[in-house]
Novice: 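Below you will find the structure I want to go over with you.
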Amino acid sequence: MHLTPHIRSAFTPTGKLRASINLGNPILANKDASGAPCGVSVDLARALAKELDAELELVVFDAAGKSVEAVAAEQADFGFFAIDPVRGEQIAFTDAYVLIEGFYLVKNDSPLRSNDEVDVAGHRVVVGKGSAYDLYLTRTLQNATILRAPTSPAVVDFFLKEGAEVAAGVKQQLEHDAAQLGGLRLLNERFMVIRQAMGTPKSRGPEAAAFLSAFVEKMKANGFVAGALQRHGIVGASVAPGREAA
């Protein structure tokens, strides 16, 4: 899609392109040795800034909910989120660029063996507040109680502190925590696939949303997303299919 002055100004009302970066999802964003934000999301943000010929400003948060709120409130011009209908009320999403699996984690001595045993009265499921898992499980769990940790990386510590029955989150984060802490295991299969997309406030107009969508499709098709995943050593996440292949 051709860049116009109108589209550029829609993305840069303050003169800079402000990217909302969520460090609560370590698959997509983290900090390097110097403490600076890095990762797939940051690489894509820089690529978009280059496409728009704009100066980039990273607005960094420790949780998905805060990152979403920043874009919805127009404190940032775009961000990186799991697609969700609640978030979609104020944010125009692209198609997914990366697919990530959501899993349940329990203690080794837990009687739970499969996902269909989780949604039982008396079970407490810990999620990161405002995360894709929080939104999804809030809609789908009928009997279990949801407990909300402050951020997604804090889920397992919160789960152990509260003595809860189940933790829910990004497969790789849970596997890492289980390996570090011991005495924990994942259940048998994923309970959801998170479709990670880019998004901009709907108030920026349909042309800006269409430009962002076209940008994501190009980054998937030309190998940029796959290269970023490889460069940052991300395993377990896959490039989402292109719009034509979906």
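Each residue takes its place number in the sequence, starting with 1. All figures in this text were calculated on a predicted structure; none of them were measured in a lab.
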Novice: Grab the two heavy atoms, one from Asn188 and one from Ser114, that are nearest each other, plus how far apart they are.
Specialist: OD1-CA, 3.3 Å
Novice: Quick one: does any side-chain atom of Ser213 pair with a main-chain N or O of Ala210 as donor and acceptor, under 3.5 Å?
Specialist: no
Novice: Backbone N or O of Arg190 within a donor-acceptor pair of the Asn115 side chain at under 3.5 Å?
Specialist: yes
Novice: One pair to check against side-chain contact (heavy atoms from CB on, under 4.5 Å): Val126 and Val166. What are the steps and the verdict?
Specialist: CA-CA 6 Å; Val126 178; Val166 182; over 6 Å; no
Novice: Find out whether Ile21 and Val42 are in side-chain contact, i.e. whether some heavy atom of one side chain is under 4.5 Å from a heavy atom of the other.
Specialist: yes
Novice: Nearest 0.5 Å, please: how far is CG in Leu3 from CG in Leu52?
Specialist: 6.0 Å
Novice: Would a 4.5 Å heavy-atom cut-off, applied to side chains only, mark Phe215 and Met198 as touching?
Specialist: yes
Novice: Give the intermediate values and the outcome of ring-ring contact (aromatic ring centres under 6.0 Å, His included) for residues Tyr104 and Phe191.
Specialist: CA-CA 7 Å; Tyr104 290 129; Phe191 67 85; 4.3 Å; yes
Novice: For a quick test of reading the model, state the closest non-hydrogen atom pair linking Glu117 to Arg113 and the distance between them.
Specialist: OE2-N, 3.1 Å
Novice: Do Val216 and Phe11 share a hydrophobic cluster (ILVMFWY, side-chain heavy atoms under 4.5 Å, transitive)?
Specialist: yes
Novice: Any side-chain heavy atom of Asp95 sitting closer than 4.5 Å to one from Lys220?
Specialist: yes
Novice: Begin from the C-alpha positions of Leu44 and Phe80 and carry the test side-chain contact (heavy atoms from CB on, under 4.5 Å) through to its verdict.
Specialist: CA-CA 9 Å; Leu44 281 168; Phe80 303 84; 3.7 Å; yes
Novice: Please report the C-alpha distance between Arg46 and Leu56 in whole Å, then the side-chain angles of each, then the deciding distance to 0.1 Å, and finally whether the side-chain contact (heavy atoms from CB on, under 4.5 Å) criterion is met.
Specialist: CA-CA 7 Å; Arg46 288 175 177 149; Leu56 180 66; 3.6 Å; yes
Novice: Hey, is the main chain of Arg124 close enough, under 3.5 Å, to the side chain of Thr145 for a donor-acceptor pair?
Specialist: no
Novice: Would you compute the distance between atom CD of Gln196 and atom CD1 of Ile83 and round it to the nearest 0.5 angstrom?
Specialist: 8.5 Å
Novice: Under a single-linkage definition using a 4.5 Å side-chain heavy-atom cutoff for Ile, Leu, Val, Met, Phe, Trp and Tyr, are Leu212 and Leu28 assigned to the same hydrophobic cluster?
Specialist: yes
Novice: Which heavy atom of Ser110 sits nearest to which heavy atom of Arg185, and what is that distance?
Specialist: O-NH2, 2.7 Å
Novice: Does the side chain of His232 pick up a donor-acceptor pair with the side chain of Asp43 at under 3.5 Å?
Specialist: yes
Novice: Using the rule that Ile, Leu, Val, Met, Phe, Trp and Tyr join whenever any side-chain heavy atoms are under 4.5 Å apart, tell me whether Tyr133 and Val68 fall into a single cluster.
Specialist: no
Novice: Under a 4.0 Å threshold between the charged nitrogen and the carboxylate oxygen, would Asp134 count as salt-bridged to Lys129?
Specialist: no
Novice: Does the side chain of Asp157 come within less than 4.5 Å of Leu181's, by heavy atoms?
Specialist: yes
Novice: If we only count heavy atoms from C-beta on, is the Leu160 to Lys107 side-chain gap below 4.5 Å?
Specialist: yes
Novice: In plain terms, say whether Lys202 and Glu89 are close enough for a salt bridge, that is, a side-chain N and a carboxylate O under 4.0 Å apart.
Specialist: no
Novice: Provide the closest heavy-atom pair for Ala63 versus Pro150 in the form atom of the first, atom of the second, distance.
Specialist: CB-O, 4.1 Å
Novice: Taking NZ, NE, NH1 and NH2 as the nitrogens, is one of them in Asp84 or Arg195 under 4.0 Å from a carboxylate oxygen of the other?
Specialist: no
Novice: Using side chain to side chain contact (heavy atoms under 4.5 Å, CB included) as the criterion, point out the one residue from Val225, Val239, Ile194 that pairs with Val98.
Specialist: Val225
Novice: Using every non-hydrogen atom in the two residues, find where Pro26 and Gln173 come nearest and quote the distance to one decimal.
Specialist: CG-OE1, 2.7 Å
Novice: How about Glu51 and Phe211: do any of their side-chain heavy atoms sit closer than 4.5 Å?
Specialist: yes
Novice: Using modelled atom types and a 3.5 Å cut-off, is there a donor and acceptor pairing between side-chain atoms of Asp119 and backbone atoms of Asn143?
Specialist: yes
Novice: Is there a donor-acceptor pair closer than 3.5 Å between any side-chain N or O of His123 and the backbone N or O of Ala144?
Specialist: no
Novice: Ignoring hydrogens and angles, tell me if any N or O in the side chain of Thr4 forms a donor-acceptor pair with the backbone of Ile7 under 3.5 Å.
Specialist: yes
Novice: Does the side chain of Leu174 reach to within under 4.5 Å of the side chain of Val156, using non-hydrogen atoms?
Specialist: yes
Novice: Is it the case that the side chain of Gln230 and the backbone of Ala226 share a donor-acceptor pair, with hydrogens and angles ignored and the cut-off at 3.5 Å?
Specialist: no
Novice: Can you find a heavy atom in the side chain of Phe81 that is under 4.5 Å from one in the side chain of Ser41?
Specialist: no
Novice: Apply side-chain contact (heavy atoms from CB on, under 4.5 Å) to the pair Leu58 and Arg18, showing each step before the final yes or no.
Specialist: CA-CA 6 Å; Leu58 301 179; Arg18 299 167 298 171; over 6 Å; no
Novice: Hydrophobic cluster membership, with links at side-chain heavy-atom distances under 4.5 Å among I/L/V/M/F/W/Y: are Leu229 and Leu48 in one?
Specialist: yes
Novice: With the 4.5 Å side-chain cut-off for hydrophobic clustering, are Leu187 and Leu137 part of the same group?
Specialist: yes
Novice: Looking at every non-hydrogen atom in both residues, tell me the closest pair between Arg8 and Asp53 and how far apart they are.
Specialist: NH2-CB, 4.0 Å
Novice: Got a salt bridge between Asp77 and Arg204, using NZ or NE/NH1/NH2 to carboxylate O under 4.0 Å?
Specialist: yes
Novice: Does any N or O in the side chain of Lys66 come within less than 3.5 Å of the main-chain N or O of Asn22, such that one atom is a donor and the other an acceptor?
Specialist: no
Novice: Do the numbers put Lys171 on top of the ring of Phe103, so that NZ or CZ is under 6.0 Å from the six-membered ring centre and no more than 45° off the axis?
Specialist: yes
